[in-house]
2 protein chains.
Amino acid sequence: MSTESANPRYRNERSHKAILDAALKLCREQGFAKTSVDAIAKEAGVGKQTIYRWWPSKAAVLVEAIDRQSAPSPDFPDTGDVLADLRDQMVIVARYFQAAQSSTYREVIGAAQSDPATAQVVLNTLVRPRVEGCRNRLEQARRQGQIRADVVLDDVIELIYAPLYYRLLLGTRPTTPEQVEVILNLAFDGLRPR
Amino acid sequence: MSTESANPRYRNERSHKAILDAALKLCREQGFAKTSVDAIAKEAGVGKQTIYRWWPSKAAVLVEAIDRQSAPSPDFPDTGDVLADLRDQMVIVARYFQAAQSSTYREVIGAAQSDPATAQVVLNTLVRPRVEGCRNRLEQARRQGQIRADVVLDDVIELIYAPLYYRLLLGTRPTTPEQVEVILNLAFDGLRPR
DNA sequence: TATACAAAACGAGACGACTCGTCTTGACGG
DNA sequence: CCGTCAAGACGAGTCGTCTCGTTTTGTATA
C-alpha cells in the first residue's frame, strides 16, 4: 500500500528544481524513452523515492519541466490585426517544433497515448492553458468583425494549429514559418475559387 | 552480429498470419503498451525468434496488422462533388478514430515518437498511401475548378485531416461526423466575414 | 516422377541486461 | 518526534539475442 502523504509543506525545493533540471538535461541528451527514473535521480543527486513521492510517473516530471521551461507566455498579443497576431504566435510554435528541444515534448505526447493519466496532465497543463489565450484573442477578433461571427472558436483554433501538430507527430514535413503563412492563408481565404 | 537473412521464400504463411492476428487481439484486449512480444508469440503459438526474424519491433508487427485490417481502401470516390467525397472519406476516418480499435493505431503513433524506425514505417505504410488517394482526388477537383488553383494540395490535405489527428492524439474532443462537417465548412468558406 | 539433400525457418525456451515501482534503512531538520 | 531525505535492495517483468533439436522448403539428381 502506498500511503504516501507527500505534504508539500515539507517539500525540498532544492531537490525539486534539481529533479526538473536533471530530467530536461537527460532527455535533451538521450531522449525521453532512454532516460530512466533511476538516471534522473542519480543525475539530480536524489533518492528515487523522492521522485515517486511527488510525481506519479516519469512523464509527469517532464510535463512540469517543459511547462516551467516554456517562456512565461506573455498573453496573446493584440495589435488589432488578428491575422498578424496569430502568425506571430504560430511562428513561435512552429520554430519550437523544429528545434531539437521539442522532441521531449513530442515523446511525452507519445507516452500519453499509452497512459491516460499522462494524457490528462499533458492536456490540462500544457495544452489547455495555451489554447485559452488564443481563444480570448479570437473572441476579441470576432467582436471586431475580423472573423466570421458564426464559428465556434475552438474549431478555428484546431483548424489552424492542428497542421503544426500533425507534422510534428507524423513527421510528414517540417513546420517552417512559411508554412504558417500558408495555413493562415488557406484558413482565412478558404479553398473555394474566388 | 545478427546475420539473419530471412529469405521470404521460406516464410511460413500460417505463422505469419497467426502473429498478426494474435498481435491485434492482444492489443485490442489490453492495449499495445501492455502487450509484450513474448505474449504475442505465445498467443500465436510461435517462437519469439520467429517474430524478430521478420519484424524489427513490436510496433512494426502492428503497423502491418493495422494496414492489413483496414478495408482494402476502395480508392477515393469521385462523384463529381469534391466536398461530398471528402466528407464521406473523412467521416470514415472520424468514426474509426472514435472506435475502440483505433487506440492501437493511436498507441503505435505514440511509440513512433520515440523510435525513428517506427515513425518511418508508420508514415510509409499507413499514412502516405492513403494521403495519395486523397491528393489524386483533389487534383481532379482543382482541374474542375472546385478548389482554388493556387493551392498546394498537400497543404489542403493537412488542413482538413490534421484536426482529426489533433483530437485523436491530444484527446481534446471526440471526432464526430458532425465535426467533419464543421471542418470542411471552415476550410472551404474561410474564416473571413462574408 | 520419385527420392535425396542442404539450407533456412521453425517452436521452445534459457539468458543477461535493463527498467519499473515499492520497500527498507538510517540520517537529517523543523 | 515526525516526515522528508539519499541510497540502494528487491521482485516482477520486458527486451532482444542465442542456442537447442526439429520440420519445412526448394532444388538437384536419378
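Treat the numbers as computed from the prediction; the structure is a model and nothing was measured. Quick note on labels: first sequence line is chain A, next is B, and so on, each numbered from 1.
No donor-acceptor contact under 3.5 angstrom links the side chains of R95(A) and Q98(A), judged on distance only. Checked by atom type, the side-chain pair Q89(A)/R137(A) shows no donor-acceptor distance below 3.5 Å.
Contact between the side-chain N/O atoms of R11(B) and the OP1/OP2 oxygens of dA9(C) is not found at any separation under 4.0 Å. Taking only side-chain nitrogens and oxygens, Y52(A) comes nearer than 4.0 Å to OP1 or OP2 of dG21(C). Close to dT4(D), at under 4.0 Å from its OP1 or OP2, lies no side-chain N or O of T50(A).
Atom CD1 of I40(B) and atom C1' of dA12(C) are 17 Å apart (whole Å). When the P atom of dT24(D) is taken as reference, atom CZ of R53(B) falls 15 Å away, rounded to whole Å.
Using a 4.0 Å cut-off between a side-chain N of Lys or Arg and a carboxylate O of Asp or Glu, D21(A) and K25(A) do not qualify as a salt bridge.
If you check residues 29-39 of chain A against DNA chain C, the residues with a heavy atom closer than 4.0 Å are S36(A), V37(A), D38(A), listed by number.
Looking only at side-chain heavy atoms (C-beta outward), I109(B) and Q113(A) stay at 4.5 Å or farther from each other.
Comparing dC10(C), dA8(C), dC18(D) against the side chain of W54(B) picks out dC10(C) as the nearest. Checking dC10(C), dC5(D), dA8(C) against every side-chain atom of N12(A), the shortest atom distance belongs to dC5(D). Of all nucleotides listed (dA9(C), dG11(C), dC20(C)), dC20(C) comes nearest to the side chain of K58(A). Checked against dG21(C), dC10(C), dA9(C), the side chain of N7(B) finds its nearest nucleotide in dA9(C).
Side chain K48(A) to base dG21(C): a donor-acceptor pair is found below 3.5 Å. Put simply, the side chain of Q49(B) and the base of dC10(C) share no donor and acceptor less than 3.5 Å apart.
Taking a 6.0 Å sphere around CZ of R11(B), one finds it holds more than 12 heavy atoms contributed by other residues, nucleotides or ligands.
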